[in-house]
There are 2 protein chains.
Amino acid sequence: MGQDRKSGKGDTDGDAVREPSQAERTRQDILEVATREFAEKGYSGARIDEIAALTSTTKRAIYYHYESKQGLFIAVLENAYRGIRALEATLDLDHLEPADSIRTLAGFTFDYQWAHADFVRLVMVENIHHGAHLEAAVSLRNVNVPILDAVHRVYARGVATGVFRPGIEPIDIHMTISALAFFNVSNRFTFSRIFDHDLGDPAIRAARRSVVIDTVLRFLQADAPAAG
Amino acid sequence: MGQDRKSGKGDTDGDAVREPSQAERTRQDILEVATREFAEKGYSGARIDEIAALTSTTKRAIYYHYESKQGLFIAVLENAYRGIRALEATLDLDHLEPADSIRTLAGFTFDYQWAHADFVRLVMVENIHHGAHLEAAVSLRNVNVPILDAVHRVYARGVATGVFRPGIEPIDIHMTISALAFFNVSNRFTFSRIFDHDLGDPAIRAARRSVVIDTVLRFLQADAPAAG
DNA sequence: GTCTATAGCTCGATAGAC
DNA sequence: GTCTATCGAGCTATAGAC
């Protein structure tokens, strides 16, 4: 039952974007289900059996394709990082007014992380485990560095035109944006419950979004010359 | 072996600060070990056997005193929140210049969260589990609300004297401080590894500390009147 | 100390494409 | 016949519970 493959070939086709092979579709299916499972339950709480049950394949296939629970988690993590960095790369921050670029980047980061809570939660899970799995994902440095370059270019333009104050490290800009966007998702449940302030509420989130953008801009803005 | 209790009584003594009973010491011992275990391995990764082995008691005693793994985790969480709020309460923010109060609070939060990574990690673990355990810890609202009041008073003083701009919600001030302090601990491993920028390095941490304080202050500061 | 359930993982075998 | 992708069943260790 269920022999829905198209052609038996399609293995080492070096040219155009071909239809994914059955194996590729299986791997993708596993990856998506595993992303949800790990993000929901954490690394130790995630169950390979549960992942298998929600897939169109079996547990045996998961071990065949990803070797181990660790191997699967690493693949999930890599995939998640690639997701945000790929979208960031489409932002075209170089052709906007510097302050608008920062507004765009901070707003995008805030929205993306909210919409992709799985990404945020996977990063939390990985940090709980001291970043041990990321060690095996060497390629990720190249995936993540471009965002620093982009921030650097925007910041340099802003300093040149006098709208940004000098002396700030690009990594501090990126970290501030990330921290403010991350917290809304990472601490959503504890914060909402403790302060009776639902971070999931659209109105509250919209207000927070402007505060975050505002905070980042004020951090960068050149001080107005004193009157008098 | 090991019958080091002082007296067989000491159970319901309602007056002064007495020496803790043997039972209290056992509970405290378990709590400390469990805090480390849950913070290190996450909720599902934590092993009651492991906690028992590092305690001076047995697994049986843990279930006697805390009923279940969940019960133990809730006790650990409550204890951790109480820790930071109790220290915050000693800051005496009402008698400093408003900007200095904010500097003190932001600096304290940054330092405390770094020094008590266990607290940060427990909060992460609880959020991974959608804040489910916090529901059982009703008393925590009263523990956490005072910090909002304190921020409100400082902010109001600052607006009155003209150093802070009006229109900001105290919860946004607290959230911004928390987010910026939290991130350094919560994302320490992924961030350090991905950007080759060790957040554990004392020099890097000190620099980040000033950036965080600076960011919070600039968020609050009244705009300088334009020259001209 | 002992029970029961279940975790991660492995083995043997299979069906179809070359 | 070999290589790839897959499956059902079962192994060993250890979890939480009492």
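We use all heavy atoms of the structure for the numbers below, so side chains are in, but hydrogens, waters and symmetry mates are not. Because the structure is predicted, anything quoted here is derived from the model rather than measured. Chain letters run A, B, ... following the sequence lines, proteins first and then strands; every chain starts at 1.
- For A:Thr26, the listed nucleotide lying nearest its side chain is D:dT6; candidates were D:dA17, D:dT6, C:dC11.
- Legend: residues meeting salt bridge (charged side-chain N to carboxylate O under 4.0 Å, His left out) with B:Arg36, ordered by chain and number and at least two apart, are absent.
- Of all the residues in residues 31-57 of chain A, A:Ala46, A:Arg47, A:Ile48, A:Asp49 reach under 4.0 Å from DNA chain C with at least one non-hydrogen atom.
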Just list the side-chain donor-acceptor pairs under 3.5 Å for residues 189-200 of chain A, sequence neighbours left out, or say none.
| residue | atom | partner | partner atom | Å |
| --- | --- | --- | --- | --- |
| A:Thr190 | OG1 | A:Asn187 | O | 3.4 |
| A:Thr190 | OG1 | B:Asn127 | ND2 | 2.9 |
| A:Ser192 | OG | A:Arg188 | O | 2.7 |
| A:Ser192 | OG | A:His197 | O | 3.4 |
| A:Ser192 | OG | A:Leu199 | N | 3.0 |
| A:Arg193 | NH1 | B:Gly131 | O | 2.4 |
| A:Arg193 | NH1 | B:Glu135 | OE2 | 3.4 |
| A:Asp198 | OD1 | A:Gly200 | N | 2.8 |

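- The separation between A:Tyr63 atom OH and D:dA9 atom P is 18 Å, rounded to whole Å.
- We find that CZ of B:Arg60 is positioned 9 Å from P of D:dC18, with the value rounded to whole Å.
- A:Ser210 meets the side-chain contact (heavy atoms from CB on, under 4.5 Å) test with no other residue; sequence neighbours excluded.
- With sequence neighbours excluded, the residues satisfying side-chain contact (heavy atoms from CB on, under 4.5 Å) with A:Ser68 are A:Gln70.
- Taking B:Gln113 as the reference, nothing meets the side-chain hydrogen bond (donor to acceptor under 3.5 Å, both in side chains) condition, with sequence neighbours excluded.
- Remark: A:Ile128 engages B:Arg121, B:Met124, B:Val125 in a side-chain contact (heavy atoms from CB on, under 4.5 Å) (not counting sequence neighbours).
- Considering only the side chain of B:Lys59, D:dC18 comes nearest among D:dC18, C:dC11, C:dG8.
- Helix bend of the helix from C:dG1-D:dC18 to C:dC18-D:dG1: the angle between its two end axes, each built from five pairs, comes to 10° after rounding to 10°.
- Take B:Tyr112 and apply the ring-ring contact (aromatic ring centres under 6.0 Å, His included) test, not counting sequence neighbours, and it matches B:Phe108, B:His116.
- Listed by first and then second residue, the salt bridge (charged side-chain N to carboxylate O under 4.0 Å, His left out) pairs involving residues 46-63 of chain A are A:Asp49-A:Lys59 (not counting sequence neighbours).
- A salt bridge links B:Arg85 with B:Glu88; the closest basic N to acidic carboxylate O contact falls under 4.0 Å.
- The side-chain tip of A:Arg208 does not point at the ring of A:Phe110 from less than 6.0 angstrom away and within 45° of straight on.
- Contacts between residues 64-77 of chain A and DNA chain C, defined by a heavy-atom separation below 4.0 Å, involve A:Ser68, A:Lys69, listed by number.
- We find that CD1 of A:Ile30 is positioned 11 Å from C1' of D:dA5, with the value rounded to whole Å.
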Result block: side-chain N/O donor-acceptor pairs under 3.5 angstrom for residues 71-81 of chain B, not counting sequence neighbours:
none

